[in-house]
There are 2 protein chains.
Amino acid sequence: MKYYLGIDIGGTNIAFGIANENKKIIAKNSIKTNSTRHYDVIIEDMATNIIKFLESNKISLDDLVCIGIGVPGVIDKKTKIIKIASNLGWKNVDVSCDLKKYIDKDIYLTNDAEAATYGELIQAEGIKNMVMLTLGTGVGGGVIIDGEIFCGGDGVGFELGHLIHEPNGADCPCGNKGCVEMYVSASALVRFAKEKIDTSSQIFDMCNGDLTKIDGKIIFESAKNSDKHAIKTIETYIEHLAVVSFNAIMMYRPEVLMLGGGICEQKELLIDPLCKKVYKLLEPMGDIKNTKIVKASLGNDAGILGACFLKFNEEKSAQF
Amino acid sequence: MKYYLGIDIGGTNIAFGIANENKKIIAKNSIKTNSTRHYDVIIEDMATNIIKFLESNKISLDDLVCIGIGVPGVIDKKTKIIKIASNLGWKNVDVSCDLKKYIDKDIYLTNDAEAATYGELIQAEGIKNMVMLTLGTGVGGGVIIDGEIFCGGDGVGFELGHLIHEPNGADCPCGNKGCVEMYVSASALVRFAKEKIDTSSQIFDMCNGDLTKIDGKIIFESAKNSDKHAIKTIETYIEHLAVVSFNAIMMYRPEVLMLGGGICEQKELLIDPLCKKVYKLLEPMGDIKNTKIVKASLGNDAGILGACFLKFNEEKSAQF
């Protein structure tokens, strides 16, 4: 059996795992990133821990086909240099080259959102065209066309969360107004709930009057208990998410629009009514209604799994 | 010298032309479509006229490398069947096959907006990634990635004019609300001018009080004469076009965003201030500001030129 190592570098944790030839993760682990440490120290710590991890799982370097890494930053696809990874404070670093000093295997690199999208693609099996939107604090995304990570003309990839959804809309921390993530992130749902809330809403009770404690769970729980404000809040959110989903489908025409993030567990209250609205918007487009809307299934493992198999993306092999 | 024949089938005219190996159109002609005629009659008429046209230009079938056709409709890229071309009333027809009965050459087929985009790509030379938006009665568009017409996951191509620009915005004839073409078509500029117009505006004088006579020319002329309402109208239009342009750049990350349509001749009043606004929106995106915004240069010839060389698109040859 041959194995693949995938690393998902994040601002808080560096997660890594081993997948087998059947594309299943068989072991995983993580270390704290402690991103204030010097870059060289982080790489050394990561390498040392991965070597230990491989040993404890009795996997020799000979058993390892390759290593893949997902990084939260902008990567020059030609030189493999990470141009900028703001959350890590990295600028113009060559992680592949630096990790190779410790573990001498072929290393493949991509953006973390792309790695996660690729991971979900592998898990979904048989899909060749897919857009993923991850609805969390912000909105991340990735696009797969013909089985490959699609990075657009300049190969840098997409910031789907910063497309403008509502011209002259809500101020986004990025500096622009009305960005997608101001309307369809999980944080946006919470913002909608805070707007026009009054003390009669169950949401108010459930957070003990402390609006900073409102989260998705409270909102959906209240809606299940027929709280009008909660129901209206979710309706508003779905209106926006339907437009964003429709546009994502129109832009790339995928077979599957995959939605990730904890919020997507809400089938009856979110995903089902969303699908209805999106298909209604697609109706006038005649031919463009062949996209299935599904929820992502891998959670945090998506990044590791996708990273494991980046080799296949790079080699454009029709493996998946 | 070898020659290429390009046909641009439209609802009103069927235009065709011959290009030489240097990618220049050396002769062109057109016939009325008379789209109420039976499909077979149109094809026969088109074929007969093209044969005459080739003869009068002393080009034998042996000199002709191939034929390309742009059609205003949805084409199944695998079977080459035109699934629907509403303006022509065509459904499930095989133009390539039917034309071949009269002119026995290899025939390549694509959507007319894609053919026009490909034509502009050829003319631009050296560009490999491009988005084109044609601002006319509606908004058409095409996307080129890595020198090839990009048609998205299902290969059907894009309706960039029907992305939703303003959630819950103006009613679009397609049935949805807030479509891009309701805000950035030339018709949208005219609609904006009609809104809140009063008799003090020069626009009112120039159309002799008949608002149905307002067109882009009158609006830009009035703005040049410092008419406040005209200036405000154009400002509103540019605000919308800037967001649409920004989103188009974010979606596909092209080297060039090309804008077509007569309205784009307005450099000082439209293109220059537009560029300023788009680059301002791109600023927070850091790396994503490498797209040039240019106006299309071929006009109606774009569709013919693109059609001529569709063979190269299909064969993915790195010709352009």
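Not measured: the values here are computed from a predicted model. Numbers restart at 1 for each chain; the letters A, B, ... are given by sequence-line order, proteins then strands.
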Heavy-atom pairs under 4.5 Å with chain A, option from K177(B), H165(B), H240(B) with the top count | H165(B)

The interface call for Y252(B) against chain A, heavy-atom contacts under 4.5 Å, is both

Using non-hydrogen atoms only, which part of C151(A) is less than 4.5 Å away from chain B: side chain, backbone, both, or neither?
-> backbone

Applying the side chain to side chain contact (heavy atoms under 4.5 Å, CB included) test to M250(A), which of L163(B), I164(B), V180(B) qualifies?
-> L163(B)

Rounded to the nearest 0.5 Å, what separation is found between the CG atom of N168(B) and the CD atom of E166(A)?
-> 8.5 Å

Identify the two heavy atoms, one from C174(A) and one from P284(B), that lie closest to each other, and give their separation to 0.1 Å.
-> O-CB, 2.9 Å

Ranked by heavy-atom pairs below 4.5 Å to chain A, first place among V243(B), I84(B), N176(B) goes to N176(B)

For K194(B), look at atom NZ and say whether over 12 heavy atoms of other residues, nucleotides or ligands are found less than 6.0 Å away.
-> yes

Might you confirm whether atom NZ of K276(A) has over 12 heavy atoms from other residues, nucleotides or ligands at distances under 6.0 Å?
-> no

Please state whether the side chain, the backbone, both or neither of F150(A) comes within less than 4.5 Å of a heavy atom of chain B.
-> side chain

More than 12 heavy atoms of other residues, nucleotides or ligands under 6.0 Å from NZ of K80(B): is that the case?
-> yes

Checking heavy atoms, do the side chain of D146(B), its backbone, both or neither come under 4.5 Å from chain A?
-> neither

What are the two closest non-hydrogen atoms of G153(B) and I145(A), and how far apart are they?
-> N-CD1, 3.9 Å

Heavy-atom nearest pair, F158(B) first then R253(A), reads CE2-CG, 4.0 Å

